[in-house]
There are 2 protein chains.
Amino acid sequence: MDESAYLASYDRSRYVAPLLSVDAVLFTYHDEQVKVLVVRRSRHPEQGKWALPGGFVDEDADDSLDDTVHRKIVEKTGVKAPYLEQLRTFGNSSRDKRGWSVTVVYTALIAHQSCAPLIETVSDAKWMAVSELADHELAFDHGMILQAAIARLRQKALYSIVPAFTLPDEFTLPELQRVHEALLGKPLEKKSFRRRIEQADLLIETGFKQSVSGRPATLYRLKPGAGEYTFLRNLEQ
Amino acid sequence: MDESAYLASYDRSRYVAPLLSVDAVLFTYHDEQVKVLVVRRSRHPEQGKWALPGGFVDEDADDSLDDTVHRKIVEKTGVKAPYLEQLRTFGNSSRDKRGWSVTVVYTALIAHQSCAPLIETVSDAKWMAVSELADHELAFDHGMILQAAIARLRQKALYSIVPAFTLPDEFTLPELQRVHEALLGKPLEKKSFRRRIEQADLLIETGFKQSVSGRPATLYRLKPGAGEYTFLRNLEQ
DNA sequence: GCAATAGTGTCTCTCAGACAATATTGG
DNA sequence: CCAATATTGTCTGAGAGACACTATTGC
């Protein structure tokens, strides 16, 4: 049999594959806190519990897994996340009561303001502060997945400015430093923080902005590709 | 309907999910070269082409995706790989002619000697030098996946001693340096290389060993957990 | 001027790069 | 002793940590 004959006779529905889903850990920064989007499950299993937003591949709508997760995030927030990266895939026989299941998990970052309009009007989605996660039990193994996502983002705070994607397009250096500090759970040296970003030439200056009080801070915008840059030397852990 | 009634009525075979497979990029070091294990496909599709070792989850044999990939590597090499880490999951509608497909890809490292007995006797698996990969077309998108795996391992050579898992249990520092140099494609400073490993206290000294000629090099063994250690500062790229 | 916040100057310390020097083996 | 390889000494420079200092705003 040649390949075209094989393909013509191939019937995918004959094979029972593990359940495959895609989930997103969507982070933002608001009110001095790093937060994560959780949605209430409207269906079985784990009905009523809070869970990570996610779902199944739609073979007609999605050309790739990235498409699937982008689509799911837009469904919940109304906008496309400016930073998206695969975290890891979790697959085993016990994580879903329906049987062997696999979920491809992404980390996404978004500015709070850009999705506030939609999130605030719905009751089945909300931002949960990372610091209060321990108080809530999530569906499936999503609590553990969330911990893995936080650990990875925390690492990125040490050697990149990826956390900037949790802020609006235009942001100040003190704001960015506060995001990093919230992730790392400790204060950072202002001078070191600014110096390395300045030397790496990752930002474009724009205008000005008043804080609540004191000297106004310079507003910056990320240069294209700034999210891919990694510093040669980490901040101290 | 409560959850147990839902689960009792749930029939997984009603849902057609994307094809799900697991693939491994298994690296080793031999004859001054970093090499990758490729296997010849015995079946359609892409019959006869070289591909990454991999396969499907066996829901009875495997409790997790890690189990699946471990099992597949043992099938091909006869032994369990001492280092295994998820690389990334690739999923889209075009990578497999059978339709929407997803593959969870792992990077694994193993000593050449530990699997030589089996590999050398079979004709459907062989080590391919990373440097000659451009000359061979691989099945599916495995060529691109391989490039991603190499890029990641190359990065790890800059901030970890993970490449040590391509060597036998006992190895010398000059040997390890040669692995890193092969990955990075350039010579490294002997002193810097040794100093950082010594300071991080990652190795245990054992006995001695003769090289082809000259002063014999000290043999070391990895301390438990040495693969997870990351240096704060990268080697220069 | 004062409080509050943004931003700078500058010293120290760690650690990678460079490369010369020394050590240990087999012939 | 010589060739070959392993291992160490040590100087330089980049860049993070520490912390004091200056700048700019609203009141």
Next on the checklist: Under 4.0 Å, counting only non-hydrogen atoms across every strand here, what does S213(A) touch: a base, just sugar-phosphate, or nothing?
Outcome noted: sugar-phosphate
Identify the pairs formed between an N or O of the protein and an N or O of nucleotides 7-9 of chain D at a distance under 3.5 Å, and give each distance.
unit_1	atom_1	unit_2	atom_2	d
dT7(D)	OP1	T218(B)	N	2.8
dT7(D)	OP1	T218(B)	OG1	2.6
dT7(D)	OP2	R194(B)	NH1	2.9
dT7(D)	OP2	R194(B)	NH2	3.0
dT7(D)	O5'	R194(B)	NH2	3.0
dT7(D)	O4	K190(B)	NZ	2.5
dG9(D)	N7	K191(B)	NZ	3.1

Checklist entry - Atom CG of L184(A) to atom P of dA16(D): distance rounded to whole Å? => result 15 Å
Checklist entry - Does anything in residues 182-203 of chain B pair up under salt bridge (Lys or Arg N to Asp or Glu O under 4.0 Å), and if so which pairs, sequence neighbours excluded? => result D201(B)-K223(B)
Item to check | Separation of atom CD in E236(A) from atom P in dG15(D), rounded to whole Å | outcome: 16 Å
Checklist outcome for this item: Of R195(A) and G214(A), the one whose nearest nucleotide on DNA chain C sits closer to the 5' end is G214(A)
Checklist outcome for this item: Residues pairing under salt bridge (Lys or Arg N to Asp or Glu O under 4.0 Å) where one sits in residues 23-38 of chain A, two or more places apart or in two chains, turn out to be none
Next on the checklist: In this structure, how many angstroms lie between the P atom of dC19(D) and the CD atom of E189(A), rounded?
Outcome noted: 7 Å
Item to check | side-chain hydrogen bond (donor to acceptor under 3.5 Å, both in side chains): pairs with one or both residues in residues 145-164 of chain B, sequence neighbours excluded | outcome: E85(B)-K156(B)
Next on the checklist: For V34(A), give me all partners under side-chain contact (heavy atoms from CB on, under 4.5 Å), at least two apart in sequence or on another chain.
Outcome noted: F27(A), Y29(A), V130(A), A182(A), L183(A)
Next on the checklist: Counting the atoms with a prime plus P, OP1 and OP2 as sugar-phosphate, which does L235(A) contact under 4.0 Å by heavy atoms, base, sugar-phosphate, or nothing?
Outcome noted: sugar-phosphate
Item to check | All side-chain hydrogen bond (donor to acceptor under 3.5 Å, both in side chains) counterparts of T230(A), not counting sequence neighbours | outcome: none
Next on the checklist: For residues 102-119 of chain B, which residue pairs pass the salt bridge (Lys or Arg N to Asp or Glu O under 4.0 Å) check, not counting sequence neighbours?
Outcome noted: none
Checklist entry - Which whole-number value in Å describes the distance from N234(B) CG to dA16(D) P? => result 12 Å
Item to check | Distance-only donor-acceptor check, side chains S64(B) and D66(B), under 3.5 Å | outcome: no
Checklist outcome for this item: At a 4.0 Å cut-off to heavy atoms of chain A, the contacted part of DNA chain C spans dA4(C) to dT14(C)
Checklist entry - Please, which pairs that meet salt bridge (Lys or Arg N to Asp or Glu O under 4.0 Å) have at least one residue in residues 138-147 of chain B, sequence neighbours excluded? => result R95(B)-D141(B)
